[in-house]
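Read the structure below first, then the notes.
As the structure is a prediction and not an experimental result, all values here were calculated from the model.
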Amino acid sequence: MAASRSLTRFWEWGRKIICVGRNYADHAKELKNAVPTEPVLFLKPPSAYVKEGSPILVPTYSSNLHHEVELGVVIGKGGTAIPRQSAMDHVAGYALCLDMTARDTQDECKSKGLPWTLAKAFDTSCPVSEFVPKEKIADPGNVRIWLKVNDQLRQDGSTSQMIFSIPYLISYISEIITLEEGDLILTGTPKGVSSVQEHDELQAGIEDIVSMTFRVDRH
């Protein structure tokens, strides 16, 4: 594989970010949403990626930006209508991700029956960690993800609480959207989402396997 296409730098060339909403029952409930019977999907563009060292920027139109910590799944082998039994063969590794959400904008979109793009797809809405090779996480269906704001623990959950498993999500998504090498799937967030302010420091981790730190800034 050419150096320019190394999966360890998927954020530089991966073509899409597919996000799963409401995949933890407690998070669905805290936002007063029904627990879904099939996955809720939305997209972020690759321009949403931001890496450590650069800030998370609050969109100019939002005054209620929320953090959502998630396990990201990096696709190593593309496919369409991937069977659940072989879905994990398509995974190259993982990344710790934040799905930054302009909650006030999202609430407005929901009330009008409009798409969530303004709430979810803005620049810096997808902070990501370094690439985590597949073998570093023995069971992605049972791993702890956590997030602190200014050293206070806000989110602390396990992927074992997910409603839809990673193999199920890969199979379901690939029936609708062909998965390609370098794509990222965000698998949902546990409860504990809350608002962040300018100058806040966010720290997040997957157990003690990988962690990352971001500062929040305004445009």
Do [X] and [Y] come within less than 4.5 Å of each other through their side chains, counting heavy atoms only?
| X | Y | result |
| --- | --- | --- |
| Thr101 | Leu65 | no |
| Gln197 | Val149 | no |
| Pro46 | Trp11 | no |
| Asp217 | Glu198 | yes |
| Leu71 | Leu96 | no |
| Val91 | Asp89 | no |
| Val69 | Thr189 | yes |
| Tyr24 | Glu68 | no |

Asp151 atom CG, over 12 foreign heavy atoms within 6.0 Å =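 Counting other residues, nucleotides and ligands, CG of Asp151 stays at 12 neighbours or fewer.
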If you draw a 6.0 Å radius around CZ in Arg15, do more than 12 non-hydrogen atoms from other residues or ligands fall strictly inside?
->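 No.
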Identify the residue among Lys191, His67, Glu70 that makes a side chain to side chain donor-acceptor pair (under 3.5 Å) with Gln155.
->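 Among the candidates, only His67 passes.
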Would you say [X] and [Y] are hydrophobically clustered, going by side-chain heavy atoms of ILVMFWY under 4.5 Å?
| X | Y | value |
| --- | --- | --- |
| Leu7 | Val132 | no |
| Val196 | Tyr61 | yes |
| Ile177 | Ile82 | yes |
| Leu179 | Leu169 | yes |
| Leu98 | Val58 | yes |

For Glu108, enumerate each residue passing the salt bridge (charged side-chain N to carboxylate O under 4.0 Å, His left out) test, keeping only those at least two apart in sequence or located in another chain.
->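 Once residues adjacent in sequence are excluded, the partners of Glu108 under the salt bridge (charged side-chain N to carboxylate O under 4.0 Å, His left out) criterion are Lys112.
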Output all residues satisfying salt bridge (charged side-chain N to carboxylate O under 4.0 Å, His left out) with Asp107, sequence neighbours left out; order by chain, then residue number.
->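 Counting only residues at least two positions away or on another chain, Asp107 forms no salt bridge (charged side-chain N to carboxylate O under 4.0 Å, His left out).
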Residues forming a ring-ring contact (aromatic ring centres under 6.0 Å, His included) with Phe131, sequence neighbours excluded |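 So Phe131 forms no ring-ring contact (aromatic ring centres under 6.0 Å, His included) with any residue.
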Pairing residues for Tyr49 by the ring-ring contact (aromatic ring centres under 6.0 Å, His included) criterion, not counting sequence neighbours =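 In terms of ring-ring contact (aromatic ring centres under 6.0 Å, His included), with neighbours along the sequence ignored, Tyr49 is linked to Phe10.
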Could you walk me through whether Leu186 and Cys126 pass the side chain to side chain contact (heavy atoms under 4.5 Å, CB included) test, one step at a time?
-> CA-CA 10 Å; Leu186 265 56; Cys126 189; 4.3 Å; yes
Nearest heavy atoms of [X] and [Y], plus distance in Å:
| X | Y | answer |
| --- | --- | --- |
| Pro140 | Ile166 | CB-CD1, 3.6 Å |
| Pro45 | Ile17 | O-CD1, 3.5 Å |
| Ile209 | Lys136 | CD1-O, 3.8 Å |
| Ala25 | Ile163 | N-CD1, 3.7 Å |
| Ser47 | Asp123 | O-OD1, 3.6 Å |
| Met100 | Pro127 | CG-CD, 3.8 Å |

Separation of [Y] [atom2] from [X] [atom1] (nearest 0.5 Å):
| X | Y | atom1 | atom2 | answer |
| --- | --- | --- | --- | --- |
| Leu147 | Phe214 | CG | CZ | 11.0 Å |
| Met162 | Asn142 | CE | CG | 10.0 Å |
| Thr105 | Leu118 | OG1 | CG | 6.5 Å |
| Ile176 | Leu41 | CD1 | CG | 5.5 Å |
| Ile145 | Ile206 | CD1 | CD1 | 7.5 Å |
| Thr124 | Leu57 | OG1 | CG | 4.5 Å |

Say whether, by atom type as modelled, one donor and one acceptor occur between the side chain of Lys120 and the main chain of Cys19 under 3.5 angstrom.
->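 Such a contact is absent between Lys120 side chain and Cys19 backbone.
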Any sub-3.5 Å donor-acceptor pair from Ser54's side-chain atoms to Val50's backbone N or O?
->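 Absent.
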Go through Asp156 and Arg144 one step at a time and tell me if the side chain to side chain contact (heavy atoms under 4.5 Å, CB included) criterion holds.
-> CA-CA 7 Å; Asp156 189 3; Arg144 177 181 172 237; 2.6 Å; yes
Qualifying ring pair (Phe, Tyr, Trp, His ring centres under 6.0 Å) pairs, either residue in residues 136-187, two or more places apart |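 Every pair satisfying ring pair (Phe, Tyr, Trp, His ring centres under 6.0 Å) with a residue in residues 136-187: Phe164-Tyr168.
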Taking only residues two or more places apart in sequence, or in another chain, which ones meet [X] in a side chain to side chain donor-acceptor pair (under 3.5 Å)?
| X | answer |
| --- | --- |
| Lys44 | Asp99, Ser125 |
| Arg215 | none |
| Glu175 | none |
| Arg154 | Ser194 |

Could you verify whether a donor N or O on one side chain and an acceptor N or O on the other, from Ser63 and Asp104, lie under 3.5 Å apart?
->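 There is such a pair between these side chains.
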Any side-chain donor paired with an acceptor under 3.5 Å for Glu201 and Thr213?
->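 Side chains of Glu201 and Thr213: no pair found under 3.5 Å.
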Taking the hydrophobic residues Ile, Leu, Val, Met, Phe, Trp and Tyr, and joining any pair whose side-chain heavy atoms are under 4.5 Å apart, which ones share a cluster with Val40?
->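 Once heavy-atom contacts under 4.5 Å are chained together, Val40 belongs with Phe42, Trp116.
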Are Glu30 and Arg22 close enough for a salt bridge, meaning some N to O gap below 4.0 Å?
->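 Looking at Glu30 and Arg22, the cut-off is not met.
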Walk me through it: do Met212 and Gln203 pass the test side chain to side chain contact (heavy atoms under 4.5 Å, CB included)?
-> CA-CA 6 Å; Met212 61 186 188; Gln203 268 180 303; over 6 Å; no
Side chains of residues 73-81: which donor-acceptor partners sit under 3.5 Å, not counting sequence neighbours?
unit_1: Thr80; atom_1: OG1; unit_2: Thr178; atom_2: OG1; d: 2.9

Give every residue pair that meets the salt bridge (Lys or Arg N to Asp or Glu O under 4.0 Å) criterion with at least one member in residues 45-61, sequence neighbours excluded.
->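 Only Lys51-Glu130 qualify under salt bridge (Lys or Arg N to Asp or Glu O under 4.0 Å).
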Determine, stepwise, if the pair Leu184 / Ile18 fulfils side chain to side chain contact (heavy atoms under 4.5 Å, CB included).
-> CA-CA 6 Å; Leu184 180 70; Ile18 301 155; over 6 Å; no
